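Here is the naming used below: chain letters follow the sequence lines, and residue numbers restart at 1 for every chain. Only a predicted model underlies this, so the values are computations on that prediction, with no experimental measurement involved.
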2 protein chains.
Amino acid sequence: MTEPKKPDAPAATGRANKHARDGKSNPTIYDIAKVAGVNPSTVSRALSKPGRVSAKTQKLIEDAAAELNYQVNPFARALPTGRTNTFGLIVADITNPTFFDIIRGAETTATLRDYTLVLAESAESAVTELTAARRLMATVDGLILASPRTDDDNIRALARDKPVVVINREVEGVPCVVPDVNKGIGEAVRSLAANGHTKVAFVAGPPQSWMSARRWEGVRAACEWSRLEAVRLDSTKPTVDGGRQVARDVRASGVTAVLTYNDLLAIGLMQELQAAGIVVPDQISIVGFDDIFGADFTTPPLTTVRSPLGECGSGAATLLLDLLHGMGEPAGTLRVETELVLRGSSGRLLPAG
Amino acid sequence: MTEPKKPDAPAATGRANKHARDGKSNPTIYDIAKVAGVNPSTVSRALSKPGRVSAKTQKLIEDAAAELNYQVNPFARALPTGRTNTFGLIVADITNPTFFDIIRGAETTATLRDYTLVLAESAESAVTELTAARRLMATVDGLILASPRTDDDNIRALARDKPVVVINREVEGVPCVVPDVNKGIGEAVRSLAANGHTKVAFVAGPPQSWMSARRWEGVRAACEWSRLEAVRLDSTKPTVDGGRQVARDVRASGVTAVLTYNDLLAIGLMQELQAAGIVVPDQISIVGFDDIFGADFTTPPLTTVRSPLGECGSGAATLLLDLLHGMGEPAGTLRVETELVLRGSSGRLLPAG
DNA sequence: CAATAAATGGCAACCGGTTGACAAATGGGG
DNA sequence: CCCCATTTGTCAACCGGTTGCCATTTATTG
């Protein structure tokens, strides 16, 4: 006796009332189909597969869609296809201006190519980063990791799942965007040498930072080439505060010029030295890295080795999007140039007054 | 010989092979159901409706889920429910540091409450903003607009669709988070008056900016109260560059103190004045707004009326999330305090040398 | 003009979780 | 021991596009 009640009256509506619009929710392809007098699947094709339907039908459908003010439901699309037109960007610290331009570069490229950017922060922690990455993975088509703290293996594991692009670090087998530090560092060190400096310090960044290691290598090599003595100092954290803290060590080291892992350290260091009555650049030259927002706010404005951060962001996004659109498997490293931005914080050493 | 053709032997599998796992894609509730020996809908209930199933079944299902390393498919969930555990944040300009802290505040709160933040930029354009807002609306549960350029009606229209919270502007009928400028402005103007200034200028921001209008009102009122003369100058854009450009007008106006719509204008203005040989604050005092990152990098460091931007971001997110979780319809305005941060760029006027 | 190839539109089965309606099991009271 | 009120689990119909397959229509060509 299963007689299931017969929910729909047989004669009343030709089509089942399955996709009846009550005027409340958004229009669907079924509504368009009804208006245009075609099958829903034809609507779907017209809207997503250019050239699959005749120009006539196409127009019919587009008009109906425009009339109803139709917008695709991204979830309904994502469910069967897995495509979301979305990608994630994970940065170590949202308030670190280094990432501002990266974010903007990525966002601009995303919007330009009709993608949406999802942003997450790892708070400089490897585990938070991995958690965030895993969480995002479920909802995006691909992922950009900016200065990741996670180890190479985990990054490769993520990359096996969906396309991943890394900024500011090289990971074997994963496409990367990396500023080539050597040119900028070479210019910086030669400039210091030309101004009579003979001993320079490099203030390093976080120990896990791949980029910090590269910069120190670059500085050491360039100094060797220019016959300068180079010493390496450690910082507690790559921030303005960290820069202030390292000032003691800098003074103790007896150098006349300092390169720091990033601009924040340079700014903090300069503030602390000036507070101690040391004149920059007359008594000590300071050179930062990245040319972040605000690097020219200081007095004297900061000399720095510029990384084209916006370019890194948009380059990474482009790489990722190309990857998503089937452009094979480049997996190479995109290298962008660095250059010295000579401002007031570096220069000739004045004879001690 | 296990007969590799015959995809489904009639007797072998009780259920149809509809939700058979091929080991490639992610596990679904159907897999869990099979492992736990219950119906898929029971799994769904166990995982989303606490208390709906018996503790015994609950445990069974949770174990199976853990074993299979199950993660819900957000799209499959979003499709029938409309819930996405995601909200959008639209800012006028990603590289404007004013928004950094707002973004961070919102992001932190989002993550804390298990939401994902989607970021979009309007490039200071009302139409881009509306486009971005409409686009995001489809994929998020709610929206935060930071310093929107769109007009009130459009914002209310958005708010009819899904919960919307506005930062840095008041829109009737829409919940807002607004720094109350009067306290900070009062402190600033009194400080200027106490230092002997008699005529001050306010450099305004974008004409559509609600906040710029409030600040000018506040400045005018405070000046009146302190019996100072106040003049209003216009800027071309609310950036460092805009600040440089307005320097001419500032000098021509004959004031001895300037408040600017934001810190970027103040910084640009100060740079330009200093480049012209004017000493800050001896010859002119400068006061910014917001206390953005880098406001203390300048020499002299910038005096500014601080808005608790991080608090705005997290406050807006909290408001939105509460709204989403059914806490009625507060729709009120959350006011946060501003305060004067006295640094070196303002002070006593020195007699002209 | 018939035969064949290509373009086009329709049908229906998905994607994976949610939820209303209902049946079965469980428990409590008389 | 039976009846009724609750809990717990099951069924099946969604949500809204996508896409393989097939039937038709239209264009091409001998």
Side-chain angles (χ1 to χ4, degrees), chain A residues 1-8 14-22 24-34 36-61 65 68 70-85 138-139, chain B residues 14-22 24-34 36-61 65 68 70-85 138-139:
Chain A
M1 271 317 194
T2 37
E3 205 54 38
K5 222 153 215 168
K6 208 69 155 170
D8 49 345
R15 292 205 73 58
N17 63 340
K18 180 178 179 180
H19 291 111
R21 289 262 60 86
D22 55 353
K24 286 192 58 101
S25 55
N26 294 323
T28 71
I29 55 169
Y30 296 90
D31 302 314
I32 298 182
K34 213 172 294 170
V38 298
N39 189 283
S41 59
T42 306
V43 176
S44 173
R45 291 206 176 88
L47 263 30
S48 53
K49 299 249 167 49
R52 179 62 174 73
V53 303
S54 67
K56 194 162 51 95
T57 324
Q58 180 83 30
K59 172 115 179 48
L60 213 61
I61 290 171
L68 295 178
Y70 170 80
Q71 303 196 108
V72 297
N73 179 325
F75 309 117
R77 172 171 287 175
L79 187 47
T81 63
R83 278 180 285 113
T84 66
N85 266 45
T139 56
Chain B
R15 294 207 71 61
N17 65 338
K18 182 178 179 181
H19 291 110
R21 289 262 59 86
D22 55 354
K24 287 190 59 101
S25 54
N26 294 323
T28 70
I29 55 169
Y30 296 90
D31 302 314
I32 298 182
K34 212 171 295 170
V38 298
N39 190 283
S41 57
T42 306
V43 176
S44 173
R45 291 213 171 81
L47 263 30
S48 51
K49 299 248 168 43
R52 179 62 174 72
V53 303
S54 68
K56 194 162 51 91
T57 324
Q58 180 83 30
K59 171 119 178 48
L60 214 59
I61 289 171
L68 295 178
Y70 169 81
Q71 302 195 109
V72 297
N73 179 324
F75 309 116
R77 171 171 288 174
L79 188 48
T81 62
R83 278 179 283 112
T84 66
N85 266 46
T139 55

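The interatomic distance linking B/Ile32 (CD1) with D/dG9 (P) rounds to 15 Å, in whole Å. Rounded to whole Å, atom C1' of D/dT18 lies 10 Å from atom CG of A/Leu79. Between the CG atom of B/Leu60 and the P atom of D/dG9 there is a distance of 10 Å, given to the nearest Å. Between B/Ile29 atom CD1 and D/dG9 atom P the separation is 15 Å, expressed in whole Å. Regarding A/Arg52, its CZ atom lies at a distance of 10 Å from the P atom of C/dA7, rounded to whole Å. In this structure, the OH atom of B/Tyr30 is 13 Å from the P atom of D/dA12, given to the nearest Å. One interatomic measurement links the two molecules: CG of B/Asn39 to P of C/dT18, which rounds to 13 Å at whole-angstrom precision. For B/Arg83 and C/dT18, the CZ to C1' distance is 9 Å, given to the nearest whole Å.
Scanning all heavy atoms of the two residues, the minimum distance from B/Thr84 to B/Thr139 falls at OG1-O, 3.3 Å. Here the closest heavy-atom approach between residue B/Ala33 and residue B/Pro40 is recorded as CB-N, 3.6 Å. Closest approach of A/Asp31 and A/Thr28 over heavy atoms only: OD2-N, 2.7 Å. Closest approach of A/Ala46 to A/Gln58, counting heavy atoms only: O-NE2, 3.0 Å.
The side chain of B/Arg77 approaches C/dG17 more closely than any other nucleotide in the set C/dG9, C/dG17, D/dG16. Out of D/dT19, C/dG16, D/dG16, the shortest distance to the side chain of A/Thr81 is found at D/dT19. Considering only the side chain of B/Pro80, D/dC15 comes nearest among D/dC15, C/dT8, D/dT8.
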side-chain contact (heavy atoms from CB on, under 4.5 Å) between A/Ile61 and A/Leu47, intermediate numbers included: CA-CA 8 Å; A/Ile61 290 171; A/Leu47 263 30; 3.9 Å; yes

Any chance you could lay out the side-chain contact (heavy atoms from CB on, under 4.5 Å) test for A/Asn73 and A/Asn26, step after step, and finish with the verdict? CA-CA 9 Å; A/Asn73 179 325; A/Asn26 294 323; over 6 Å; no

Run the side-chain contact (heavy atoms from CB on, under 4.5 Å) test on A/Tyr70 and A/Ile29 for me, step by step, so that the C-alpha distance in whole Å, both residues' side-chain angles and the decisive distance to 0.1 Å come before the verdict. CA-CA 8 Å; A/Tyr70 170 80; A/Ile29 55 169; 3.4 Å; yes

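B/Thr42 comes within contact range of at least one nucleobase, with a heavy-atom separation under 4.0 Å. Here B/Ser41 lies in heavy-atom contact (under 4.0 Å) with a base. Residue A/Ser44 is in base contact, counting any heavy-atom pair closer than 4.0 Å across all strands shown.
Contact annotation: B/Asn73 side-chain N/O to C/dC15 OP1/OP2 distance is not under 4.0 Å. Using a 4.0 Å cut-off, no side-chain N or O of A/Lys49 falls inside it from OP1 or OP2 of D/dT18. Between D/dT18 and A/Ser48, a contact under 4.0 Å exists linking OP1 or OP2 to a side-chain N or O.
Heavy-atom distances to DNA chain D give each of B/Arg45 and B/Ala76 a nearest nucleotide, and the one nearer the 5′ end belongs to B/Arg45.
Taking the screw axis at each terminus of the helix from C/dC1-D/dG30 to C/dG30-D/dC1 from five consecutive base pairs, the angle between the two is 40° to within rounding of 10 degrees.
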